[in-house]
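Comments concern the structure below.
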Amino acid sequence: WMGQEGQTDEVIQTIKAVQSQFPKVGEQMSTGFIFDVDGTILDSMGIWMNVGELYLKDMGIKAEPNLGEILFEMTMNEGAEYIQKKYNLNLTTEEICTGINNRVYKFYEKEAMPKPKVIDFIEQAYENKIPMTIATSTDRPMIEAAFKRLHIDKYFKKIFTTTEVGHGKDKPDIFIKAMEEMGTTPKQTWLFEDGAYSIETAKQLGIKTIGIYDPASEKDQEKIRNLTNIYIKNWTEHKTLLNQIQTPGFPIIQTNNNKP
């Protein structure tokens, strides 16, 4: 459902062109944080693994055991087409997408919860006047519904979605827009993310990255460890994390790019 795509030479050339446009910065600099949402702030990856099964269950249809794995690598439209053909549904792909989105929206509005201690970290960054933005593959209404219920919408300058930007996180556009909003360069920016392909894009752009463990990306953990500047198993490490980020806005500044 998240629509992950491989990177091309054209994308890499675009990243290099963008990098050349940013001014060089010295050691004293402001810092901005870009956060992914699903699997990073919210413990919500499970809905994307199970939404196809839940959608079919609501219609009295039993899904195949590995439906979630099949749909996870597809875009919403591709997944709707698969369900339509596989289960012989007398619905258009647009109607299936609407039904699935409604089911997912209900989850975000009523059920999605933050990962333990993540809000503590976000609040500390906010208190230290660190500008923060969101870069997510999930559509805006769902993120806004969850953030409003959890009272965390006030912490972020702006939410950027791949749907609105027009490209997935395998391309740099969403990160460039987030940095423009915060007024930071790649060297001044940290990305908090659980997805390897997104971390890869940010790293090529020159953004520093913090990998967050999530069970949905279990198979990519070794790759994420190798790609990121800092890797954490969960947000209960947030106090240690502050020591590892070289951030003038925080009272403790210490360079430490070693992975735990």
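For the numbers below, each heavy atom of this structure counts, side chains included, while hydrogens, waters and symmetry mates do not. Positions are given from 1 along the sequence.
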*Is there a side-chain contact between Ile152 and Ile41 (heavy atoms, below 4.5 Å)?*
yes
*Side-chain heavy atoms of Thr161 within contact of Ile134, under 4.5 Å*: no
*Start with the C-alpha distance between Ile61 and Leu89, add both sets of side-chain angles, then the distance that settles side-chain contact (heavy atoms from CB on, under 4.5 Å), and finish with yes or no.*
CA-CA 10 Å; Ile61 301 171; Leu89 300 185; 3.6 Å; yes
*Determine, step by step, whether Gln204 and Thr201 satisfy the side chain to side chain donor-acceptor pair (under 3.5 Å) criterion, reporting the C-alpha distance in whole Å, the side-chain angles of both residues, the deciding distance to 0.1 Å, and the verdict.*
CA-CA 5 Å; Gln204 289 176 341; Thr201 303; 5.4 Å; no
*Does Thr184 use its side chain to pair, donor to acceptor, with the backbone of Glu180 at less than 3.5 Å?*
no
_Inter-residue atom distance Ile70.CD1 - Glu78.CD, 0.5 Å rounding_ = 13.5 Å
_Carboxylate-amine/guanidinium proximity below 4.0 Å for Lys169 and Glu193_ = yes
*Run the salt-bridge test on Lys223 and Asp220 with the 4.0 Å N-O cut-off and return the result as yes or no.*
no
When the side chains of residues 143-150 are checked against the rest of the protein, which donor-acceptor pairs come out under 3.5 Å, sequence neighbours left out?
from, atom 1, to, atom 2, distance (Å)
Glu144, OE2, Arg140, NH1, 3.2
Arg149, NE, Glu109, O, 2.8
Arg149, NH1, Ala112, O, 3.2
Arg149, NH2, Tyr108, O, 3.0
Arg149, NH2, Ala112, O, 2.5

*Quick one: are Ile199 and Ile224 in side-chain contact, heavy atoms under 4.5 Å?*
yes
*Is it true that a side-chain atom of Glu218 and a backbone atom of Pro215 form a donor plus acceptor pair closer than 3.5 Å?*
no
*Work out which heavy atom in Ser137 is nearest to a heavy atom in Tyr197; give both atom names and the distance.*
OG-OH, 3.7 Å
*asked:* I need the minimum non-hydrogen distance between Ala63 and Leu56, along with the two atoms involved.
replied: CB-CD1, 3.9 Å
*For Pro131 against Thr31, the heavy-atom pair lying closest together*: CD-O, 3.1 Å
*asked:* Within the structure provided, determine whether Asp194 and Asp36 are in side-chain contact (heavy-atom separation under 4.5 Å).
replied: yes
*Apply the test side chain to side chain donor-acceptor pair (under 3.5 Å) to residues Gln221 and Ser217: give CA-CA distance (whole Å), side-chain angles for both, the deciding distance (0.1 Å), then the verdict.*
CA-CA 7 Å; Gln221 289 312 297; Ser217 54; 3.2 Å; yes
*Does Glu69 use its side chain to pair, donor to acceptor, with the backbone of Asn66 at less than 3.5 Å?*
no
_Working for side-chain contact (heavy atoms from CB on, under 4.5 Å), residues Ile210 and Trp190_ = CA-CA 7 Å; Ile210 295 179; Trp190 287 85; 3.5 Å; yes
*Would you confirm whether Lys208, through its side chain, and Lys187, through its main-chain N or O, come within 3.5 Å as a donor-acceptor pair?*
yes
*asked:* Quick one, Ile34 with Phe160, criterion side-chain contact (heavy atoms from CB on, under 4.5 Å). Give me CA distance, side-chain angles, the key distance, then yes/no.
replied: CA-CA 10 Å; Ile34 303 174; Phe160 294 93; over 6 Å; no
*Check whether any side-chain N or O of Gln84 sits under 3.5 Å from a backbone N or O of Leu91 as a donor-acceptor pair, and report yes or no.*
yes
*In Å, rounded to the nearest 0.5 Å, how long is the span from CE of Met45 to CE of Met49?*
8.0 Å
_Over 12 foreign heavy atoms within 6.0 Å of CD, Glu94_ = no
*Between atom NZ of Lys62 and atom CD of Glu64, what is the distance when rounded to the nearest 0.5 Å?*
11.0 Å
*asked:* With a 4.5 Å cut-off on side-chain heavy atoms, are Tyr82 and Leu67 touching?
replied: yes
*Just jot down the side chain to side chain contact (heavy atoms under 4.5 Å, CB included) partners of Tyr126, sequence neighbours excluded, or say none.*
Met132, Tyr155
_Residues Thr209, Ile230; criterion side-chain contact (heavy atoms from CB on, under 4.5 Å); working and verdict_ = CA-CA 7 Å; Thr209 55; Ile230 298 170; over 6 Å; no
*Which class fits the ring pair Phe35 and Phe156: parallel under 30°, tilted 30 to 60°, perpendicular over 60°?*
perpendicular
_Given the ring of Tyr213, does Lys233 sit roughly above its face, with NZ or CZ under 6.0 Å from the centre of the six-membered ring and within 45° of the axis?_
yes
*For this output row, return yes or no: ring centroids of Phe121 and Phe192 closer than 6.0 angstrom.*
yes
*asked:* Contact between Thr138 and Leu42 at the side-chain level, heavy atoms closer than 4.5 Å - yes or no?
replied: no
_Using side-chain heavy atoms (C-beta onward) and a distance below 4.5 Å, is Tyr105 in contact with Pro141?_
yes
*Qualifying residue, where the test is side-chain hydrogen bond (donor to acceptor under 3.5 Å, both in side chains) with Lys115 and the options are Asp214, Thr40, Asp43, Asn234*: Asp214
*asked:* Ser44 vs Asp38, test: side chain to side chain donor-acceptor pair (under 3.5 Å). Steps then yes/no.
replied: CA-CA 5 Å; Ser44 53; Asp38 298 294; 2.4 Å; yes
*Give the minimum heavy-atom separation between Leu71 and Gly79, together with the two atoms involved.*
CD2-CA, 3.7 Å
*CZ/Phe33 to OG1/Thr189 distance, rounded to the nearest 0.5 angstrom?*
10.0 Å
*Shortest non-hydrogen contact from Thr93 to Ala80?*
O-CB, 3.7 Å
*asked:* Does either side chain, that of Gln188 or that of Thr185, offer a donor lying less than 3.5 Å from an acceptor on the other one?
replied: yes
*Which pair of heavy atoms, one from Phe175 and one from Ser198, lies closest together, and at what distance?*
CZ-OG, 3.2 Å
*asked:* So, taking the atom named OG1 in Thr163 and the one named CG in Asp139, what distance separates them when rounded to the nearest 0.5 Å?
replied: 4.0 Å
*For the residue pair Leu205 and Met179, establish whether any side-chain heavy-atom pair is separated by less than 4.5 Å.*
yes
*asked:* Working to the nearest 0.5 angstrom, can you tell me the gap between His238 NE2 and Asp120 CG?
replied: 4.5 Å
